[in-house]
Amino acid sequence: MLTHILGYPRIGSNRELKKKLESYWKGDVLADDLASTARALRRLHWQNQSQAGVDLIPVGDFSYYDHMLDNAIRFGVIPERFNVADQKAGLDDYFVMARGESGEHGTPAMEMTKWFDTNYHYIVPEFKEDQNFFIGEESLLEQAKEANNIGYRVKVVLPGPFTFLLLGKCSGKEFDRLNLLENLVPAYVELVERLSGHCEWIQFDEPVLALDLDKENLKLFSPVYRTLKEAVSDTKLMVATYFGGLGENLETAANLPVDALHVDLVRGGKDIDDLLAKIGSKVALSLGVVDGRNIWRTDLDKAVSTVKKAVQALGSDRVFVAPSCSLLHVPFDLDLETDLDSEIKSWMSYARQKCAEIRLIADAANAANGVKVDDKLQVNRKIIESRQNSSRVNNPEVAKRLSALGSKDFMRNSVYSLRSDIQRKELGFPLLPTTTIGSFPQTAEVRSTRRNFKLGKIESNEYEKFMQDYIADCLKRQEEIGLDLLVHGEPERNDMVEYFGEHFEGYCFTSNGWVQSYGSRCVKPPVIYGDVSRPEPITVDWINYARSLSAKEVKGMLTGPVTILCWSFVRDDQPRSETCRQIALAVRDEVADLEKSGVKVIQIDEPALREGLPLRKAEQAEYLNWAQECFRLSSSCVEDKTQIHTHMCYCEFDEIIKAIAALDADVISIEASRSRMELLGSFKDFSYPNEVGPGVYDIHSPAIPSEDEMVALLEKALAVIPAERLWVNPDCGLKTRRWEEVEPSLKNMVQAAKRARLII
Ligand code: GLN
Ligand code: ZN
């Protein structure tokens, strides 16, 4: 019984690749230096896997930036604007495509978007209607040879043709990208021919098989893979699906004319019986039984019993053991976590540990391997039990509070139309009120003060004084600019989720739990290990300090429950909805304390609400239902006169507009300037009932937007949203910008609002 993994994290256990990339971009090191770091990391990772007992070693999972961009370059898919000679991109062309060229006339980067429902972002390939494909680059072959020469059993991995095309976009007018298969498949055939002899297996990643697929498109899979299969004699082919069950694509996937099919049984566990019954008689089934998306130790008994069942049906030769998906989405090595509480740490498993887990599962399920693993299974059993029963996980108080909730707790006292009259009187804002999204420029000094305080290098009074001065400065500047509704500036927050997590029970923080978000950027998500609660007020003092400095209203600023959930590693022992409800209750406590202390406007940010949307249409309604319920649980405890805001920074609202309205926030601010207010179409078609602040200023760009530009955007907005319900604000928070950009931009924004008031 073979073990394999679909891919390993690339960035290095101490983020060596990140550091080297950034030095290279700065011009501090040469390409050779970068290349040797990359080679050393690849070799080390192969070695780690092999030592842990992984049989088939993936090659091609490494990337300098992103695997989809690699594939585009591999097949000569390079947009014309990059002017790459012969469509053969060198290293610097590659980075320009990924990151854009600086300077006013520089070529902008290719688009980047989320890889399925992960927090990894890939570069979106751009295809022309008459796109040509050829082998543009051969590092895959070189790496395969390298691993082969060391003596590993090599499995080359790359995106399959369907995933490559479907996840790309059309350059110019829309067309059916699968029409390009005709041109693309011969290039894949050529690649496969060149690779064969240098690897034992080739794995084509086709996670699109976990999405809703068009029936006609589904029919194309078998012929394409037949063509690829016919191109090789000795090398075996595997198709890998992950991030969900196969649903109505199961029959097709199970009967692909290849040597093995990999499936994600962590998310698609329901499929197993169907798969065992329907899998083609010559096809091996790779069982993704170890969670590649989360950091928890695997319940080995459970995994072993699934594998045994498969062995019984197919024989051990046709069963492989694997993680559910690439380990790219988990951190490297739990052994490097030295500060983590030892009990909680014992419940966890990172990439390196997961490699060992699949070996153990395979050995336990296959007595013929002759390896004794009973002791290790017993240890695992004990740890799994200890986690289930730990008082650190279970807080009966939280369960009691949740079960006592009634429908009233999820609803404001009055409907928006009544509330809005009361709030207008209470708050006295002008028409088209101006505000910002929360954060103001975070200077190096702000960041270092926060860090030093955390490290215990400065006393709390010194820290507090620094933050208060920053807040006072923010308030003064906002008054001068003439904004109507002020914020404190969020200097005390390193990250909008981490900050709240640090103050909640049931959360812990790793020191080395980095996962790649895009390019050299990594994030370190907090870990929810137990029932969540908020022992004491978090933001109340900061906000009230800010309020004490101004006669104008200052918004209380919170992160919403869905966003906190989406940007954390979550528990795998209860549904996400349940964890989210607990977080909602914790946020609700903070909302109640803010209101009690006199705060009249409270913003609860939910920038992640949309990305939590399940990949399959059929599962979306349920998610939206609990997500909006959680938001309302966190926000509905206030009186009518208290104004609740929310914020979301993206512009695709069509699918979720009803759920957004169901949040029943009094005001929502959204990103709109980059799409020139186009998104307001969905607000108009649905006739969104409450107040909206479509961003009039793109905070991603250092450019200072002119008054005229913003007046024009407001005119567009006024055509859709009545003046009484329109707010004026930027697209998002300003923490990444400099004061020199922010101040003139906001001054122009306030002037634009004044001019717009005259024309309504
Ligand atoms: N209030 C946060 C800020 O202004 C919102 C950030 C976000 O939407 N991602 O930074
Ligand atoms: Zn935002």
Side-chain angles (χ1 to χ4, degrees), residues 114 119 121 434-443 446-447 450 467 470-471 474-475 477-478 483 485-501 517-518 521 523 525-526 538-539 542-543 546 554-568 587 590-591 594 599 601-612 631 634-635 643-653 656 660 663 665 667-675 679 692-701 727-739 741-742 745-746 749:
K114 270 177 183 275
N119 196 23
H121 300 69
T434 53
T435 190
T436 62
I437 307 304
S439 57
F440 271 112
Q442 294 216 339
T443 54
V446 174
R447 280 181 269 130
R450 232 176 14 227
M467 291 301 160
Y470 179 97
I471 291 171
C474 264
L475 268 288
R477 292 183 198 245
Q478 292 177 79
L483 289 157
L485 174 57
L486 313 188
V487 297
H488 78 294
E490 303 179 20
E492 76 287 13
R493 303 179 193 182
N494 157 43
D495 172 276
M496 63 191 292
V497 170
E498 184 171 299
Y499 179 71
F500 287 93
S517 172
Y518 61 88
R521 200 180 144 75
V523 295
I538 304 167
T539 63
W542 295 122
I543 304 298
V554 179
K555 285 192 266 195
M557 278 295 160
L558 305 175
T559 304
V562 184
T563 298
I564 294 181
L565 180 87
C566 285
W567 291 351
S568 306
V587 175
E590 187 70 11
V591 168
L594 282 169
V599 178
V601 182
I602 301 169
Q603 178 171 313
I604 308 173
D605 293 330
E606 283 290 21
L609 193 125
R610 192 185 184 285
E611 72 184 51
F631 181 88
S634 68
S635 60
Q643 191 169 61
I644 297 287
H645 288 222
T646 188
H647 164 72
M648 293 170 196
C649 34
Y650 39 79
C651 46
E652 305 95 41
F653 279 91
I656 58 166
I660 301 291
L663 300 179
V667 183
I668 178 172
S669 59
I670 51 182
E671 174 180 320
S673 75
R674 282 200 287 184
S675 67
L679 84 157
V692 193
V696 291
Y697 143 30
D698 176 10
I699 61 96
H700 302 91
S701 153
W727 283 69
V728 181
N729 48 258
D731 274 342
C732 191
L734 298 161
K735 77 176 188 186
T736 57
R737 297 262 68 97
R738 297 175 305 141
W739 280 113
E741 295 152 0
V742 164
S745 302
L746 289 178
M749 186 185 89

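Both counts, for ligands and for their atoms, begin at 1 and track the order of listing.
Between Thr436 and Tyr697 the shortest side-chain heavy-atom distance does not fall below 4.5 Å. Within the 4.5 Å cutoff, the side chain of Leu609 has no heavy atoms near those of the Thr646 side chain. The shortest distance between side-chain heavy atoms of Trp727 and Leu485 falls below 4.5 Å. Side-chain contact between Arg450 and Gln442: present, with at least one pair of heavy atoms (C-beta onward) separated by less than 4.5 Å.
Residues meeting the salt bridge (charged side-chain N to carboxylate O under 4.0 Å, His left out) test with Arg610, sequence neighbours left out: Glu652, Glu655.
Of the polar atoms of His647, at least one N or O is found under 3.5 Å from an N or O of ligand 1, judged by distance alone.
Taking every heavy atom of Asp605 and a limit of under 4.0 angstrom, the matching atoms of ligand 1 come to 1 (N), 2 (C), 5 (C). Residue Ile437 approaches ligand 1 through these ligand atoms, each under 4.0 Å from one of its heavy atoms: 1 (N), 4 (O). Within the listing of ligand 1, atoms 4 (O) sit less than 4.0 angstrom from a heavy atom of Gly438. Every atom of ligand 1 is numbered from 1 in the order shown, and the set under 4.0 Å from a heavy atom of Glu490 is 1 (N), 2 (C), 3 (C), 4 (O), 10 (O). Near Gly733, with a cut-off below 4.0 Å to any heavy atom, the atoms of ligand 1 are 3 (C), 4 (O), 10 (O).
No option in Thr559, Ile602, Leu558 other than Leu558 meets the side chain to side chain contact (heavy atoms under 4.5 Å, CB included) test with Glu590.
In terms of protein heavy atoms, atom 3 (C) of ligand 1 is closest to Ser439 OG, 3.3 Å.
The main-chain N or O of Met557 is never found under 3.5 Å from a side-chain atom of Gln603 such that the two would form a donor-acceptor pair.
Here the shortest heavy-atom pairing between Ile699 and Cys732 reads CG2-O, 3.6 Å.
Residue contacts with ligand 1 include Met496, since one of its heavy atoms falls under 4.0 Å from the ligand.
Salt bridge status for Glu611 with Lys114: present, with a side-chain N to carboxylate O gap under 4.0 Å.
Of all protein atoms, those of element N, O or S that lie under 2.8 Å from the Zn ion (ligand 2) number 3.
Under the 30°/60° scheme for interplanar angles, the aromatic rings of Phe440 and Trp739 are found to lie parallel.
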